[in-house]
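Working notes, beginning with the structure itself.
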2 protein chains.
Amino acid sequence: MPPPARRSADATRTALVHAAQDALRDVGYSGSSAREIARRAGCNQALVFYHFGSVQDLLLAALDDVSTRRLTAYQESIATATTLHALVDAAERVLEDDLAAGNVAVLVELLTAGSSSPDLAAAVTERLAPWRDLAELAVGRVFELVPGAAVLPVDEAAHVLIATLLGLELVAGTSTGRETTAVLFGRARRVADLLEPGPAVRSDRAPRPRTGRAPAGGAS
Amino acid sequence: MPPPARRSADATRTALVHAAQDALRDVGYSGSSAREIARRAGCNQALVFYHFGSVQDLLLAALDDVSTRRLTAYQESIATATTLHALVDAAERVLEDDLAAGNVAVLVELLTAGSSSPDLAAAVTERLAPWRDLAELAVGRVFELVPGAAVLPVDEAAHVLIATLLGLELVAGTSTGRETTAVLFGRARRVADLLEPGPAVRSDRAPRPRTGRAPAGGAS
DNA sequence: GTCTATACTTGGATAGAC
DNA sequence: GTCTATCCAAGTATAGAC
């Protein structure tokens with residue numbers, strides 16, 4: 001028998017991780033304090049340090065959690081994608097989810113912090129590696145589907161793809177940034193349909209339910 | 001005659017502005033406190049509030065300063081460029097200088113910070129406008145020089161251009177990021193020479209490709 | 001494991017001396 | 001204009017009771 005643990009032992013950990021994700025999305029990196037996260041998780045602030053040692057480590061755990069979940073989902077959708085249209089959809093979904101999860105702020109924080117700390121930079125590169133692989137997978141698909149598109153080696157194209165998506169996320173915070181991005185993906189989708197007049201007539205992508213305000217933890 | 005001002009009246013302001021730029025580059029937005037900036041400027045922390053009212057206003061002033069300085073430089077090099085090759089050179093030179101000086105980092109930091117602060121986001125958006133204009137100028141040039149390149153409206157292409165450059169700056173901090181960027185510009189230069197076989201371009205930056213062969217993977 | 005309480009630190013911002 | 005001194009708020013982290 002496991003030790004007593006009268007109440008949720010490790011449920012607290014996951015609650016904190018999820019609350020950290022919500023906090024990152026809602027109030028950004030600077031607003032994601034131990035007190036704020038604990039409030040969303042419905043527990044005490046001291047538990048952040050008991051379970052994770054520091055706020056920074058909790059935020060990294062949150063980032064890892066959401067990353068692994070999303071990576072597997074994307075990997076599947078890209079691996080099974082047989083049309084250009086579907087690949088564009090996947091790219092847009094990646095960007096939307098990133099924005100919704102507020103991952104960009106953490107990533108930027110890590111990237112800038114890494115520039116003055118070699119070991120941290122290594123940690124960031126490590127976390128970025130699976131995304132690079134995913135991007136290479138997607139680019140490889142595009143090169144297969146569109147003859148003559150391989151004007152760049154796959155790894156370099158993947159590099160540009162990641163950079164561009166990150167950049168689009170960055171400027172999405174500006175006034176017209178968000179809608180311009182949507183327009184761009186609309187164009188890409190239409191171009192995809194042109195290059196690929198086959199069976200893929202999945203019309204325009206169905207608008208996803210807006211992420212809007214749906215704090216899972218609920219602000220008391 | 002201006003009032004006495006025994007010692008550096010407005011030199012303090014510029015010192016603070018420059019110190020703010022350094023701080024943003026070195027320790028990021030979260031680390032750029034009034035005390036940190038004042039320490040770098042070699043003056044007292046209270047002067048931040050005396051001269052700028054708040055830390056955020058000082059950071060915005062820092063962004064203004066770096067923007068105007070860089071904008072004039074870029075505007076000139078783009079306006080005088082008459083070949084595609086020269087445009088690519090200009091873009092790379094600009095990016096190299098910016099990376100070395102950490103100018104883009106200032107913008108990136110404020111952009112991410114703005115994602116969780118609407119008023120800051122609005123202020124940053126306002127300051128992004130001249131850059132958007134500049135990007136449209138450059139894109140318009142490319143569309144003039146390369147017939148059939150206008151697959152996008154100028155403003156949207158400019159949007160993507162800015163996003164991509166910002167994204168490349170972001171990932172330049174990773175292990176292979178920096179050199180990959182250099183490789184990409186090398187490819188762009190060769191493509192430019194292919195599209196523009198006219199006058200012997202100044203090949204001061206890279207050995208001129210003797211053959212007309214495509215960089216990688218022939219598009220037949 | 002979770003809580004309360006608290007020590008300690010840092011940062012924004014102001015008042016007033018010089 | 002610049003400084004010292006200070007207030008106040010918020011955050012990190014730890015100690016110890018339950």
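A note on names: the letters A, B, ... follow the listed sequences, proteins ahead of strands, and every chain is numbered from 1. Being a predicted model, the structure only gives us computed values, none of them experimental.
The shortest distance between side-chain heavy atoms of A:L184 and B:L152 falls below 4.5 Å.
Legend: residues meeting salt bridge (Lys or Arg N to Asp or Glu O under 4.0 Å) with B:R13, ordered by chain and number and at least two apart, are absent. Qualifying salt bridge (Lys or Arg N to Asp or Glu O under 4.0 Å) partners for B:D65, counting only residues two or more places apart in sequence or in other chains: B:R69. Scanning for side-chain contact (heavy atoms from CB on, under 4.5 Å) contacts around B:L134 gives B:L71, B:Y74, B:Q75, B:I78, B:W131, B:L137, with sequence neighbours left out.
Within the 4.0 Å cut-off from OP1 or OP2 of C:dT2, at least one side-chain nitrogen or oxygen of A:T12 is found.
Using a cutoff of 4.0 Å between basic side-chain nitrogens and carboxylate oxygens, B:R132 and B:D155 are not scored as salt-bridged.
D:dC3 atom C1' lies 14 Å from atom CG of B:L16, rounded to whole Å.
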Could you go step by step and tell me if B:E156 and A:R187 meet the salt bridge (Lys or Arg N to Asp or Glu O under 4.0 Å) rule?
-> CA-CA 10 Å; B:E156 294 176 18; A:R187 290 195 192 282; 2.5 Å; yes
Evaluate the criterion salt bridge (Lys or Arg N to Asp or Glu O under 4.0 Å) for residue pair A:R40 and A:E36; output intermediate values, then yes/no.
-> CA-CA 6 Å; A:R40 288 165 181 264; A:E36 173 67 20; 2.7 Å; yes
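Within residues 110-118 of chain B, no residue approaches DNA chain D, by heavy-atom distance under 4.0 Å.
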How does protein contact run along nucleotides 11-18 of chain C, one letter per nucleotide 5' to 3', with B for base contact, S for sugar-phosphate only, - for none, heavy atoms under 4.0 Å?
-> BBBB----
Let me check something: any side-chain donor-acceptor pairs from residues 48-64 of chain B under 3.5 Å, sequence neighbours excluded? List them with distances.
from, atom 1, to, atom 2, distance (Å)
B:S54, OG, B:D57, N, 3.2
B:D64, OD1, B:R127, NH1, 3.1
B:D64, OD2, B:R127, NH1, 2.5

